[in-house]
Structure formats: C-alpha cells, structure tokens
Protein chains: 2
Amino acid sequence: MNSEDFLGSKQKYRMTNQRQVILEEIRKVNTHPTADEVYKMVRKRLPRISLGTVYRNLEILSTRGLIQKIGPVSSQMRVDGITKNHYHLRCIYCGSVKDAPIDPTENLENAIRERSDYNIIGHKLEFIGICPNCGKKENLSHKKAEDIGN
Amino acid sequence: MNSEDFLGSKQKYRMTNQRQVILEEIRKVNTHPTADEVYKMVRKRLPRISLGTVYRNLEILSTRGLIQKIGPVSSQMRVDGITKNHYHLRCIYCGSVKDAPIDPTENLENAIRERSDYNIIGHKLEFIGICPNCGKKENLSHKKAEDIGN
DNA sequence: CTAGGTGCAAATCATTTGCCGGGGC
DNA sequence: GCCCCGGCAAATGATTTGCACCTAG
C-alpha cells in the first residue's frame, strides 16, 4: 500500500510552507475536499498561492503517503457492456481495466446498511495492482513517478 | 442497483442506429473501452458519427442500465487526510464523500491474489447511495436524470 | 407538428505544464 | 551551483453544450 515502495522515487522534497499549510488544512476538515476546495481553504492563509501549486503539492503529498487521493484512479471514464455487478482490476502502470475473478457479495452492502443512514444502492470495488505484463517491464527498468496513474 | 428505478426518468428513447451500433461494439469486446476507444470502434461502421454523439449515447445507455460506467463516479478528484486505508460512502445526488463505518479487510485482496497473476497493492471500495439529507429531498420531488452523477 | 437525434464546432471544466525568478543547502 | 519551488498564464485533454437541420411517429 505504500506508494514510496514501488514508485522508486529518488527525489527529496522539502516541507515548504505552502506544502505544510495545504497539509494542515486538509487535516483540519473531516470532509474530503476537491482540489479547488483545498485551494480556497489554503488561500485564506496564503492569498497568493496558485491553483497549480495546490495540484503539484497534492500530487507530492499523496506520493509520499501523507494524504490519499479518492476518485478518478485514471482520468478517463470507461464503459462496460456487462451490466451485472462485478469488480475490477486496474493496473497502475498501463491503466488497463479487467474484470476481477471474484464474485460480488451482498455482505458488504449489508454491513454498511446496519451502520449508516444512507440508502445504499450499490458498491464499487476495484483492486489496484500491477498487471503481469507491466510487472515484467518494472523489473527491467524503474519507471518514473509521472508515468503512473493515481 | 437498477438506475431506472430511482432515476424517475420519464423520457422515451428510441433505439436509433447509432445507439445500436455503439451498444453492439461495446458488447463485442471484452475490454473496458474509454469513450474515445468506443468512438474509434464505432467509426469503422459509421464514419460520420461524432464524438459528442458517442458521449451522449453512453450517458443514455448507462442511464438505462444497458451498459455500466466505470471509474470517475464524479469527475473531480478528492483528497483525504487520513492515510490508513478505509472505505467511502458517496451520495449520487450531492456527490459528497464520507468515510464508511466499516473496517477494511485483507480478505478481499487475498481472494484476488489466489486467482490472478496481478501484483495486488491495494483496493478501493466505495458504496454508492443516497445520503439522508438528499433522501429527504428525493421524496418531495423527483430529480431529473441530469442532476445525478454516474 | 413535436420531440428526440445527430453532426459539427465551440465552450467548459479539471488538471497539467512551461517559463522564470528565488531560495535552501 | 544545482535543484527544488512557487506564481502565473497558457496548454491540454476529456467531456459537455449550443446550434441548425433532420426524421420518426
């Protein structure tokens, strides 16, 4: 689960003021802000910060495991002709998506229903990993962090 | 799980030729094509189709439950200050994300490891539902399909 | 005739990048 | 000096939308 391990990132980052403030603001709230919301929050303390800086730092902070990105694992929508619920397997290197060889279970939804007041209508489970094909390449040469989705 | 049930969509759609071809092409492959890939596939049979039409029809087809969208449930990335793995609860109406009151399990990953040759490094589980607040509104007036993410 | 459909181009939205000056080590 | 950094604006990429025409019922 720790990105650092497989990213082979050799860079050393400083904890700059902007970076620190961004991190503090994210930790301060118990919501899951969008990049733009983070920008707005941070700007109250650092009025001259730019949105680009926020994005750059969110990227770095999540690479370092200090925060976590939710949502778009890769930026493109994909479609699936099979409508019955099933799980997916996504490769962090090539971004490909395959069906996971495991059947969905109602148990998960039931567990949530007991504990929350949401009207649950479904769930999405996605496994993140490295596909055999990319796994080979990975052993030969370490890819740069930028090549990797999420 | 069937979108039609809660979307309250009153529109009547025709199964036009373009729509039909798009659906056929998606069903023909066992991959999970992006919108652009669908466009390319369909264009072999309907050279004059536009990307806009593809998007419009993917939207309609998934609203009708004939295909399924994977990935970006809503299009914006969100961040999370809590780095230990946990699950999320997303409201289809307002798009808000909360932490799910259920602890992650290694079982899921282990199940996959036994059955696939992927190097699994994590998993994401997201419950889709209607938050109590939006649930109230929903009862008062049925929202239009466009208001609903995914 | 009315509503849904389409192609096309322009617009929008989130995110990324290039440039360039500045500061830490 | 080298490299990371941040502000800014411009670029990019995916998706959406406005417009004008078309066609089925």
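In the text below, chain A, chain B and the rest are named by the order of the sequence lines, each starting its count at 1.
Taking 4.0 angstrom as the limit, Arg19(B) places a side-chain polar atom (N or O) nearer than this to OP1 or OP2 of dG5(C). Here Tyr55(B) does not reach the OP1 or OP2 of dT16(D): none of its side-chain N or O atoms lies under 4.0 Å away. Between Asn57(A) and dG6(D), a side-chain N or O to OP1/OP2 separation shorter than 4.0 Å is present. Ser50(B) has no side-chain polar atom (N or O) that falls below the 4.0 Å cut-off from OP1 or OP2 of dT6(C). For the OP1/OP2 pair of dG4(C) and a distance below 4.0 Å, the side-chain nitrogens and oxygens of Thr16(B) include no atom meeting the criterion.
Taking every heavy atom of both residues into account, Ile102(B) and Ala111(A) meet most closely at CD1-CB, 3.8 Å.
The interatomic distance linking Glu37(B) (CD) with dG13(D) (P) rounds to 16 Å, in whole Å. Residue Ile22(B) contributes atom CD1, which lies 12 Å from atom P of dG5(C) at whole-angstrom precision. Distance, Leu46(A) CG to dG7(D) P: 7 Å, rounded to whole Å. Look at CG on Leu51(B): it is 14 Å from P on dT17(D), rounded to the nearest Å. When rounded to the nearest whole Å, the span between CD of Glu59(B) and P of dT6(C) equals 14 Å. Look at NZ on Lys69(B): it is 10 Å from C1' on dT15(D), rounded to the nearest Å. Note: CZ (Arg64(A)) to C1' (dC5(D)) measures 15 Å, nearest angstrom. Counting to the nearest Å, the P atom of dT6(C) and the CG atom of Leu61(B) are 10 Å from each other.
With sequence neighbours left out, the ring-ring contact (aromatic ring centres under 6.0 Å, His included) criterion links Tyr118(B) to no other residue.
Within a 6.0 Å sphere centred on NZ of Lys44(A), other residues, nucleotides and ligands contribute 12 heavy atoms or fewer.
Annotation: ring pair (Phe, Tyr, Trp, His ring centres under 6.0 Å) contacts involving residues 38-66 of chain A, sequence neighbours excluded, are absent.
Here the side chain of His123(A) pairs no donor or acceptor atom with the backbone of Glu126(B) at under 3.5 angstrom.
With Val42(B) as the fixed residue, the side chain to side chain contact (heavy atoms under 4.5 Å, CB included) test singles out one of Leu51(B), Ile49(B), Asn57(B): Ile49(B).
Sequence order on DNA chain D of the closest nucleotides to Ile60(A) and Thr53(B) puts Ile60(A) first from the 5' end.
When distances are taken from the side chain of Tyr13(B) to each of dG6(D), dC8(D), dG5(C), the shortest belongs to dG5(C). Of the candidates dG7(C), dG6(D), dT15(D), dG7(C) carries the atom nearest the Ile49(B) side chain, counting heavy atoms from C-beta on.
Using the six-membered ring where Trp is involved, His32(A) and His86(B) have ring planes that are tilted, between 30° and 60° apart.
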Contact list (N/O, under 3.5 angstrom) for nucleotides 18-25 of chain C vs protein:
from	atom 1	to	atom 2	distance (Å)
dG18(C)	O6	Arg56(A)	NH1	3.3
dG24(C)	O4'	Arg14(A)	NH1	3.3

